[in-house]
*Asks:* 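I have a structure here, written as structure tokens, and I will follow up with some questions on it.
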2 protein chains.
Amino acid sequence: MYAHSVQSARTITPLAEIKDAGQEIDRLRLVGLTRGFARGREIFGEGEHADHVYSVISGAVRSFRVLSDGRRQVLDFYLPGDIFGIEPGPDHGVGAEAVNDVILLVARRSLAADDGDGAMTRRLLRLAVDDLRRSRDHVLTLGCRTACERVASFLNDLAVRLGNRRSLDLPMSRQDIADYLGLTIETVSRTFSLFQTAGLIRLHGRRSVELCRPGALTDLCI
Amino acid sequence: MYAHSVQSARTITPLAEIKDAGQEIDRLRLVGLTRGFARGREIFGEGEHADHVYSVISGAVRSFRVLSDGRRQVLDFYLPGDIFGIEPGPDHGVGAEAVNDVILLVARRSLAADDGDGAMTRRLLRLAVDDLRRSRDHVLTLGCRTACERVASFLNDLAVRLGNRRSLDLPMSRQDIADYLGLTIETVSRTFSLFQTAGLIRLHGRRSVELCRPGALTDLCI
DNA sequence: CGGGCGATTGAATTACATCAAATTTCGTGG
DNA sequence: CCACGAAATTTGATGTAATTCAATCGCCCG
């Protein structure tokens, strides 16, 4: 079904070789293994024991929860440099899957847990609290905003996180975006088309979005 | 407009006198002032400097964010025993107001910040991570669930938090509930009426809800 | 170059919002 | 204790944004 070539590639990776993984990693001492996951592969499941912490080196990851009848809510996307997998209790409260082929830096949670002086706990606190801020933004979007505003703020956020380029390469499918924004795939698609008609964006293929008037998009976010 | 009698009541309160404030308080060393806020009063504003941490002794508090055009999202309700006001950065990312007349235990953030051995940081981490779990639940509700499911899970949550009584006393107005659930006041009201017609609840006045078939409500949450 | 999956587009439907009363609640003052 | 009146809530009628159902299109990979 999926290409499995990346799966199970394990190597000890000197930290210096990893450029994209962001500043926080070395402070979290996420030295250890890099591991690849092919598109669609589960990284960890909801309810699974949480004994690793991950940092995205390349590719993208989605975290999500599902209701018993199959409805899925994507909670967050993690991009190169982002850290994820930190959990309150012993178990993961969310699932995580590879959006496309990804390479992750993996560290045992226990290794990152304590270094005696509490500095590690403070870093974990900062990460948790960042997640909390992002989650609150998400609640605001889902509770208050229209479909147009949701899609605009999604593109805006992604542009910022990917470095404010004029051209975005969306790692995720329309279905992923829809499940993140609490919309249907059709509504997301229609909104993209609407934005294109209005001259705000240009779509090139499935994955590439050119932001023609980033300011106008930002204005739409209210 | 509002009764102001509770406002500005300040006293040094020995910890032993406070029964309702939950287990975590003494560990957070939130010894200090109790302070009353009348219904509707601001406790802190979005963007304000965050130099206190609060624990609810009696009454209820709502945290919220507002969009520039006035749309409001209630992010959380804090009930007796809950702690709130802990923030990532130096400033509050949300506002907080008294839902009804409340009495809070207030501590300087700096006093709770460090006790040398990192134990305090670990407690803050746990609190942040609890907030994160609740926020994720909220995202799931707003992104996936119908109006009926939202109201049912709201009542369910509140019942659990207030101690699984058969009769709930809602501290908040229909507008607060609507803004929490991403619905309108009319939809919340209609859904309450629907539940009453279906024999799931009975409404007594504005604030009292009797849960006739708690199991059926739980089932509705999916 | 062809097949298949993801994306787009169109038409019909619906859940919820909006607009507009009617009704109830509850604090206040007589 | 009861009546009044403002505010909150409920109910009704209508509108609409987003969903659902149903084709069709067009990337992209073999």
Side-chain angles (χ1 to χ4, degrees), chain A residues 1-5 38-40 69-73 99-101 141-152 154 169-198 201-209 220 222, chain B residues 1-6 38-40 69-73 99-101 141-152 154 169-198 201-209 220:
Chain A
M1 194 180 293
Y2 294 118
H4 290 180
S5 57
R39 180 165 67 96
D69 66 351
R71 280 175 281 176
R72 182 182 73 153
Q73 179 63 42
V99 167
N100 47 18
D101 291 349
T141 293
L142 296 180
C144 289
R145 295 201 233 253
T146 66
C148 278
E149 292 164 355
R150 292 182 203 199
V151 173
F154 173 77
D169 201 60
L170 304 178
M172 67 292 285
S173 68
R174 298 289 186 272
Q175 187 64 63
D176 285 332
I177 298 172
D179 287 351
Y180 178 73
L181 295 177
L183 301 170
T184 60
I185 185 174
E186 293 95 334
T187 300
V188 171
S189 183
R190 273 184 249 274
T191 307
F192 274 22
S193 298
L194 189 73
F195 284 177
Q196 182 162 236
T197 304
I201 64 173
R202 289 190 66 182
L203 299 165
H204 306 288
R206 293 173 180 177
R207 294 292 155 102
S208 173
V209 182
L220 263 181
I222 309 277
Chain B
M1 193 180 294
Y2 294 119
H4 288 180
S5 56
V6 190
R39 180 165 68 95
D69 66 351
R71 279 175 281 178
R72 182 182 75 153
Q73 178 63 41
V99 167
N100 47 17
D101 291 350
T141 294
L142 296 180
C144 289
R145 295 202 234 253
T146 65
C148 279
E149 292 163 356
R150 292 182 204 200
V151 173
F154 173 76
D169 201 59
L170 303 178
M172 68 291 286
S173 69
R174 298 288 186 271
Q175 187 65 62
D176 285 332
I177 299 172
D179 287 351
Y180 178 74
L181 295 177
L183 301 170
T184 59
I185 185 175
E186 292 94 335
T187 299
V188 171
S189 181
R190 273 184 248 274
T191 306
F192 274 22
S193 298
L194 190 73
F195 284 176
Q196 182 161 234
T197 304
I201 64 174
R202 289 190 66 181
L203 299 166
H204 305 288
R206 293 174 180 174
R207 293 294 154 101
S208 173
V209 182
L220 264 182

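We name chains A, B, ... by the order of the sequence lines, and we start the count at 1 in each one.
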*Asks:* May I have the distance from A:Leu203 (atom CG) to C:dG6 (atom P), rounded to whole angstrom?
*Replies:* 18 Å

*Asks:* For D:dT11, does OP1 or OP2 lie under 4.0 Å from any side-chain N or O of B:Ser193?
*Replies:* yes

*Asks:* Could you give the CG-to-P distance, from B:Leu194 to D:dT10, as a whole number of Å?
*Replies:* 13 Å

*Asks:* Give the minimum heavy-atom separation between B:Leu203 and B:Gln196, together with the two atoms involved.
*Replies:* N-OE1, 2.9 Å

*Asks:* Give the minimum heavy-atom separation between B:Leu220 and B:Ala152, together with the two atoms involved.
*Replies:* CB-CB, 3.7 Å

*Asks:* What's the CD-P distance between B:Glu186 and D:dG15, to the nearest Å?
*Replies:* 16 Å

*Asks:* How many whole angstroms separate atom CZ of B:Arg190 from atom P of D:dG12?
*Replies:* 9 Å

*Asks:* Which nucleotides of nucleotides 24-30 of chain D have their base under 4.0 Å from a protein heavy atom (B), which only their sugar-phosphate (S), and which neither (-), written as one string 5' to 3'?
*Replies:* --BBS--

*Asks:* Looking at B:Thr187, does any N or O in its side chain come under 4.0 Å of the phosphate oxygens OP1/OP2 on C:dA17?
*Replies:* yes

*Asks:* Rounded to the nearest Å, what distance is computed from the CG atom of residue B:Leu142 to the C1' atom of nucleotide C:dC16?
*Replies:* 15 Å

*Asks:* Distance check, rounded to the nearest 0.5 Å: A:Ile185 atom CD1 versus A:Arg190 atom CZ?
*Replies:* 11.0 Å

*Asks:* Atom CG of A:Leu170 and atom P of C:dG6: how far apart are they, to the nearest Å?
*Replies:* 16 Å

*Asks:* So which heavy atom on B:Phe192 is nearest to which on B:Leu170, and how close?
*Replies:* CE2-CD1, 4.0 Å

*Asks:* If you take all heavy atoms of A:Leu142 and A:Arg150, which pair is closest and at what distance?
*Replies:* O-NH2, 3.2 Å

*Asks:* Which of these, B:Arg72, B:Arg71, B:Arg174, sits in a side chain to side chain donor-acceptor pair (under 3.5 Å) with B:Asp179?
*Replies:* B:Arg72

*Asks:* Just wondering, more than 12 heavy atoms not from A:Arg207 lying within 6.0 Å of its CZ?
*Replies:* yes

*Asks:* Output the rounded distance in Å from CD (B:Gln196) to P (D:dT9).
*Replies:* 15 Å

*Asks:* Tell me the interatomic distance from A:Ile201, atom CD1, to C:dA7, atom C1', rounded to whole angstroms.
*Replies:* 13 Å

*Asks:* Using modelled atom types and a 3.5 Å cut-off, is there a donor and acceptor pairing between side-chain atoms of A:Asp101 and backbone atoms of A:Arg39?
*Replies:* yes

*Asks:* Considering all heavy atoms of both residues, which atom of A:Thr187 and which atom of A:Thr191 are nearest to each other, and what is their separation?
*Replies:* O-OG1, 2.7 Å

*Asks:* So if I take residues 172-185 of chain B and measure heavy-atom distances to DNA chain D, which residues fall below 4.0 Å?
*Replies:* B:Ser173, B:Arg174

